[in-house]
2 protein chains.
Amino acid sequence: MAERRARTRLSPELIIDAAFRVSERGGAQSLTFQAIGAELGAHPTALYRHFRDRDELMLALIDALHAEALDGAPEPSDDWAADLAEMARRTHRVFLRHPQVAQFSGVRTARRTNEFRKVDRVIGCMRRAGFTDVDAARYYRVFSDFVLAYAAQDAALAALDPRTREGDLTAWQVDYRILPEGRYPHIDAVSGVLPALDDPANFETALELILDALRARAERARP
Amino acid sequence: MAERRARTRLSPELIIDAAFRVSERGGAQSLTFQAIGAELGAHPTALYRHFRDRDELMLALIDALHAEALDGAPEPSDDWAADLAEMARRTHRVFLRHPQVAQFSGVRTARRTNEFRKVDRVIGCMRRAGFTDVDAARYYRVFSDFVLAYAAQDAALAALDPRTREGDLTAWQVDYRILPEGRYPHIDAVSGVLPALDDPANFETALELILDALRARAERARP
DNA sequence: GGTGAATGTCACGGGCATTGACATGGGTCC
DNA sequence: GGACCCATGTCAATGCCCGTGACATTCACC
């Protein structure tokens, strides 16, 4: 079959690349074996020769996100909090760049090398902050899960199909302003200045809050 | 048809109850029209008479979660931070009680009465803290989204099908302890004391950090 | 008792993940 | 060079799912 010969051979890397291409182009739920197969000019089931099932492919894609976030990250500095902020912002940015994949990455432990690298760096920051190992471990877990959860949520919002997304976003701009008079006094008071759901400043503010608190605790932890 | 007459009539409430029953019983992805229909002894497509599509049903279920979280909540006290903590813990608890539904609730704006009630209360706390309306609106959004994101992530973990979940949880207890010697020094140092992914203390710690930071900012905001 | 709207049922179309049987082609060993 | 094997790709089929449109039944109201 000439067609087959012309095509380059499939490989996990090619498949992952194709998956990202599909995910960027595609609306909600576009990340199917059919679509990835079509992108490669291959039969959908051919992918099963390289990934046992959908879950394994997703874990590989998630690890690729971690890799992209780490890629080109500056070396650890002497400001542990700034380093944490840098890692967090990179993660958030990468997640928004690949929302279709990122929306699922909050919960899953990829168990792959790039995840290990990231975990190691964050724990390193916490130890440099002067926390005991027990506290460093706890704060690593809380900080990372916070970043993952918040970033995955932003990604999920970005990954909604446009119609639904529009509805949710305008709900905050419209529905909330025409509520029954007086029933929700606090909403009334601030409805004009509510930040949009997808305002990037939200993540930034949350990050600052967490880092403020960690800095305060780190000071208390030191002599 | 005797069967039909014997059955009570369907209604949105009955369907929602059945959906929660199914979701509690069921493994991952169990929340299908087929399953809910079977639970009610009705044809799956009968549900379409009461909910336009799956999305509308999900929004109703999500709003039911908000209602359950509000249900029996104590009246606002004079300690705004404690009130926020109370709301957050209630949300987290309810989400873990209904993980199959809650895992999707992070992103979606339900746009229904119980959501409005919750929003109003949180904004009220922020205003009592002494923030300007602009700050109150911003901190409301950040605080609520943080709680939703973190709680939804915990729920998503709880909602994973048991096999996958087991794999992810033990990864942290096993895989992370047998990494190549010396490559990840910080992981090595704390691997013995890493909190489990599903340790409820994680959420508590994250909540304390955010509230610490908000209290500090509220003090600065006042005369 | 008659009528129209609301509700339930049915058959079906179109997607999807995954499996198992089969084909093919490149590399290996004699 | 030839026989053989294994990795890879293809195909057909299974089983689940959401959602639609045509049809039947019930109920409230007149």
Side-chain angles (χ1 to χ4, degrees), chain A residues 1-19 22-23 25-62 100-101 103-104 108 159-161 163-164 167, chain B residues 1-19 22-23 25-62 100-101 103-104 108 159-161 163-164 167:
Chain A
M1 217 187 288
E3 241 198 72
R4 178 115 56 99
R5 182 107 31 83
R7 241 186 356 256
T8 37
R9 212 105 169 296
L10 288 182
S11 72
E13 290 73 30
L14 279 178
I15 293 174
I16 288 174
D17 288 351
V22 167
S23 89
R25 180 184 337 138
Q29 304 305 4
S30 66
L31 210 54
T32 69
F33 276 42
Q34 329 257 342
I36 302 170
E39 171 75 22
L40 290 162
H43 201 275
T45 60
L47 308 186
Y48 284 89
R49 296 295 178 193
H50 304 271
F51 296 96
R52 187 152 28 83
D53 55 17
R54 205 171 181 286
D55 193 62
E56 198 173 286
L57 173 59
M58 288 304 298
L59 287 183
L61 293 175
I62 289 169
Q100 301 288 348
V101 175
Q103 62 180 326
F104 302 110
R108 303 309 312 280
L160 283 181
D161 74 298
R163 195 179 258 123
T164 311
Chain B
M1 217 187 285
E3 241 196 71
R4 181 116 53 98
R5 181 102 37 83
R7 240 185 359 254
T8 38
R9 210 107 171 291
L10 287 183
S11 72
E13 291 71 32
L14 279 178
I15 294 173
I16 288 173
D17 287 351
V22 167
S23 88
R25 180 183 338 137
Q29 304 305 3
S30 66
L31 210 52
T32 69
F33 276 38
Q34 330 256 342
I36 302 170
E39 172 74 21
L40 290 162
H43 201 274
T45 59
L47 309 186
Y48 285 91
R49 296 295 179 192
H50 303 271
F51 296 96
R52 187 152 28 82
D53 55 15
R54 205 172 180 289
D55 194 61
E56 198 173 286
L57 174 58
M58 288 304 299
L59 287 183
L61 293 175
I62 289 169
Q100 302 287 348
V101 174
Q103 61 179 325
F104 302 111
R108 303 311 309 283
L160 285 180
D161 74 297
R163 196 180 253 121
T164 311

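Keep in mind that the numbers below use all heavy atoms, side chains included, and drop hydrogens, waters and symmetry copies. Proteins come first, then strands; the chains are lettered A, B, ... in the order of their sequence lines, and each starts at number 1.
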Spacing of Phe33(A) atom CZ relative to dG9(D) atom P, expressed in whole Å | 14 Å
dG9(D) P sits how many Å from Phe51(A) CZ, rounded?
-> 12 Å
Phosphate contact (dC18(D) OP1 or OP2) by Arg54(B) side-chain N/O below 4.0 Å | yes
Backbone N/O of Gln100(B) and side chain of Gln103(B): donor-acceptor pair under 3.5 Å | yes
Classify the side chain of Thr45(A) versus the base of dC11(D) as yes if they form a donor-acceptor pair under 3.5 Å and no if they do not.
-> yes
Measure from CD1 on Ile36(A) to C1' on dC16(C) and round the result to the nearest Å.
-> 12 Å
Within the side chain of Asp53(A), is there an N or O that forms a donor-acceptor pair under 3.5 Å with the backbone of Glu56(A)?
-> yes
Along DNA chain C (nearest heavy atom to each residue), the more 5'-positioned of Gln34(A) and Arg52(A) | Gln34(A)
Validation row: His50(A), Leu10(A) side chains within 4.5 angstrom (heavy atoms) = yes
Passes side chain to side chain contact (heavy atoms under 4.5 Å, CB included), Phe33(A) versus Leu57(A)? Steps please.
-> CA-CA 10 Å; Phe33(A) 276 42; Leu57(A) 173 59; 3.9 Å; yes
Rounded to whole angstrom units, what separation is found between the NE2 atom of His43(B) and the C1' atom of dC18(D)?
-> 13 Å
Can you check the Tyr48(A) OH to dC16(C) C1' distance for me, whole Å?
-> 9 Å
Counting side-chain heavy atoms from C-beta on, which of dA17(C), dG8(C), dG9(D) comes nearest to Thr32(A)?
-> dA17(C)
To the nearest Å, give me how far apart CG (Leu31(B)) and C1' (dC16(D)) are.
-> 15 Å
Take atom CZ of Arg9(A) and atom P of dT10(D), then tell me their distance rounded to the nearest Å.
-> 12 Å
Please report, rounded to the nearest Å, how far the C1' atom of dT8(D) is from the CD1 atom of Ile15(A).
-> 11 Å
If you check every side-chain atom of Arg49(B), which of dT7(C), dC18(D), dT19(C) has the closest atom?
-> dT7(C)
